[in-house]
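Here is the structure we will look at, set down as structure tokens.
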Amino acid sequence: MATRHAHWTDTAGAARSFAFDHGAQFFTAARPRFRAVMARAVAAGHAAPWQPLVHSSRWIESERGFVPTPVMSALCGHLLAGATLHLERSVRRLQRAADGAWYVACDGAPLAGPFRHVVLAMPPAQAAVLLAGHHDAWAAALMAKRMEPCWSLMAVTDDVDWRWDAAEPDRGPLAWVVRNDRVPGRSGLPGLAAWTAHATPEWSAQRMEADRQAVSDELQAALRAQLPGVSSGGQPWRWHHASAHRWRHAGPALDCDDIFDAEDALWDESLG
């Protein structure tokens with residue numbers, strides 16, 4: 001759940017900005033405990049339910065989701081309220097003392113700890129490095145888990161007469177397109193449309209090391225092909241901002257059979 005703040009100058013010379021949700025677009029809550037967490041978040045104004053109108057041959061219309069507000073990353077801040085938080089530190093290894101306490105070794109910092117529990121919320125291959133020597137079976141399974149990449153486009157155009165909140169194209173490089181400014185709780189852009197578009201894993205993998213601007217140009221062309229050729233005012237529309245972000249570990253491969261088929265997280269009570 002990531003947010004990127006983009007800034008640009010409009011044709012009148014005024015500074016403009018928008019917060020793009022360029023990672024996960026929404027999520028569902030099936031388990032009763034998580035639904036209760038989200039009900040509290042909605043009541044506190046930190047999230048909102050969302051059932052977007054999606055143009056897709058595969059979409060399940062009855063599926064409802066949640067979006068944190070005012071941006072996707074806001075929910076983590078809400079859940080961590082009151083916690084001691086250290087940012088911008090590279091964790092190099094975990095150490096476990098004889099009494100079972102955990103210590104965290106970071107670059108340029110003394111050992112942090114002791115802690116009773118350690119939670120790893122990161123791509124599998126990165127988690128495997130930290131688990132090695134502590135839970136080798138998990139580390140081996142994680143290293144074998146295949147992840148797929150994704151190039152994400154963040155763009156602003158003139159407002160477009162587009163009836164959908166989102167779309168899943170059946171062909172071409174784009175897997176998902178959303179009007180980011182129509183997501184609940186997002187700030188509007190009068191006269192403008194904010195788009196987040198995710199490329200397919202196959203297309204992204206072929207361009208994993210490609211020049212970022214070249215990828216942005218290709219994705220802009222793909223997005224243009226999905227939209228009407230004129231703005232809501234009947235004139236050809238213009239680009240006001242466009243940038244691309246590369247997710248190397250965007251999601252698990254759909255054909256990957258692994259230990260994560262169960263809905264529960266991996267947890268070892270004896271190790272914490």
Side-chain contact, heavy-atom cut-off 4.5 Å: Arg40 with Arg35? no

Self-check item: Plane angle bin for His245 and His22 - parallel if under 30°, tilted between 30 and 60°, otherwise perpendicular
Solution: perpendicular

CG of Leu75 to OG of Ser73, rounded to nearest 0.5 Å, is 9.5 Å

Taken to the nearest 0.5 Å, the spacing of His241 NE2 from Ser17 OG works out to 10.5 Å

Here the pair of heavy atoms bringing Met72 nearest to Arg186 is N-NH2, 3.3 Å

The single option from Trp162, Trp176, Trp164 that satisfies ring pair (Phe, Tyr, Trp, His ring centres under 6.0 Å) with Trp195 is Trp162

- [ ] Give a yes or no on whether the backbone of Ser231 and the side-chain of Gln235 come within a donor-acceptor separation of less than 3.5 Å.
- [x] no

Next item on the list: Taking the side chain as every heavy atom from C-beta outward, state whether Trp8 and Val156 have any atom pair closer than 4.5 Å.
Entry: yes

In terms of heavy-atom contacts, Ala193 and Val160 come closest through CB-N, 4.4 Å

### Query
Transitively linked via ILVMFWY side-chain contacts under 4.5 Å: Val91 with Leu87?
no

Exercise. Mind checking whether Gln126 and His249 have side chains closer than 4.5 Å, heavy atoms only?
Worked result: yes

- Derivation and outcome, side chain to side chain contact (heavy atoms under 4.5 Å, CB included), residues Asn180 and Met154: CA-CA 9 Å; Asn180 210 159; Met154 297 159 278; over 6 Å; no

(message) Could you check whether any side-chain N or O of Asp10 sits under 3.5 Å from a backbone N or O of Ala14, counting only pairs where one atom can act as donor and the other as acceptor?
(response) yes

Assess, by modelled atom type and distance only, whether the side chains of Asp217 and Gln213 contain a donor and an acceptor separated by less than 3.5 Å.
yes

_Thr84 vs His86, test: side chain to side chain contact (heavy atoms under 4.5 Å, CB included). Steps then yes/no._
CA-CA 7 Å; Thr84 301; His86 301 279; 3.6 Å; yes

Give a yes or no on this: more than 12 heavy atoms of other residues, nucleotides or ligands lie within 6.0 Å of atom CD of Glu88.
no

| Parallel under 30°, tilted from 30 to 60°, perpendicular over 60°: which one fits the rings of Trp237 and Trp239? | perpendicular

TODO: Please lay out, stage by stage, how Phe27 and Phe66 fare under the test side chain to side chain contact (heavy atoms under 4.5 Å, CB included).
DONE: CA-CA 6 Å; Phe27 54 84; Phe66 291 94; 3.9 Å; yes

Shortest non-hydrogen pair, Leu120 vs Ala127, comes out as CD1-O, 4.0 Å

Here the side chain to side chain donor-acceptor pair (under 3.5 Å) pairs for residues 95-122, sequence neighbours left out, are Arg92-Asp107, Arg93-Gln95

Legend entry - Met1-Val183 co-clustered via ILVMFWY side chain contacts under 4.5 Å: yes

Separation between CG (Asp181) and CG (Leu189), nearest 0.5 Å, reads 6.0 Å

Discussion item. A side-chain contact here means heavy atoms from C-beta on lying under 4.5 Å apart; do Leu219 and Val215 qualify?
Written reply: yes

The reported gap from CZ in Phe18 to OG1 in Thr3 (rounded to nearest 0.5 angstrom) is 10.0 Å

Would you say Leu223 and Trp203 are hydrophobically clustered, going by side-chain heavy atoms of ILVMFWY under 4.5 Å? yes

Closest non-hydrogen contact found for Glu148 with Pro201 is OE1-CG, 3.4 Å

Review point. Side chains of Trp151 and His198: closer than 4.5 Å at any heavy-atom pair?
Key: no

Original post:
Do any N or O atoms from the side chain of Ser204 and from the backbone of Thr200 form a donor-acceptor pair under 3.5 angstrom?
Top reply: yes

**Request:** Find out if a path of hydrophobic residues (ILVMFWY) with successive side-chain heavy-atom gaps under 4.5 Å connects Val42 to Leu79.
**Result:** yes

Let me see the working for His135 and Leu271 under side chain to side chain contact (heavy atoms under 4.5 Å, CB included), right down to the final yes or no. CA-CA 9 Å; His135 203 309; Leu271 287 178; 3.9 Å; yes

Glu209 vs Arg246, salt bridge (charged side-chain N to carboxylate O under 4.0 Å, His left out): CA-CA, chis, key distance, verdict: CA-CA 9 Å; Glu209 306 304 331; Arg246 178 180 59 191; 3.5 Å; yes

Should the heavy atoms of other residues, nucleotides or ligands under 6.0 Å from CG of Asp136 be counted, would the total exceed 12?
yes

Is the backbone of Phe20 close enough, under 3.5 Å, to the side chain of Thr196 for a donor and an acceptor to pair up by distance? no

Determine, using the 4.5 Å side-chain heavy-atom cutoff (strictly less than), whether Val104 and Leu131 are members of one ILVMFWY cluster.
yes

query = Do the side chains of Leu94 and Phe115 get nearer than 4.5 Å, heavy atoms only?
reply = no

Mark yes when over 12 heavy atoms from residues, nucleotides or ligands other than Met208 sit less than 6.0 Å from its CE; otherwise mark no.
yes

Report task. Measure the acute angle between the ring planes of His7 and His5, then classify it against the limits of 30° and 60° as parallel, tilted or perpendicular. Result -> parallel

TODO: Would you check, one step at a time, whether the test salt bridge (charged side-chain N to carboxylate O under 4.0 Å, His left out) holds for Asp165 with Arg179?
DONE: CA-CA 5 Å; Asp165 298 313; Arg179 273 287 299 259; over 6 Å; no

- Query: Given side chains that start at C-beta, do those of His240 and Leu192 come closer than 4.5 Å, heavy atoms only?
  - Reply: yes

Minimal heavy-atom distance between Pro149 and Ala250, with the atoms involved, is C-CB, 3.9 Å

Rounded to the nearest 0.5 angstrom, the CG-CH2 distance for Leu266 and Trp138 is 5.0 Å

All heavy atoms of Leu153 vs all of Gln220, minimum pair found to be CD2-N, 3.9 Å

Report yes if some heavy atom in the side chain of Asp268 is under 4.5 Å from a heavy atom in the side chain of His134; otherwise report no.
no

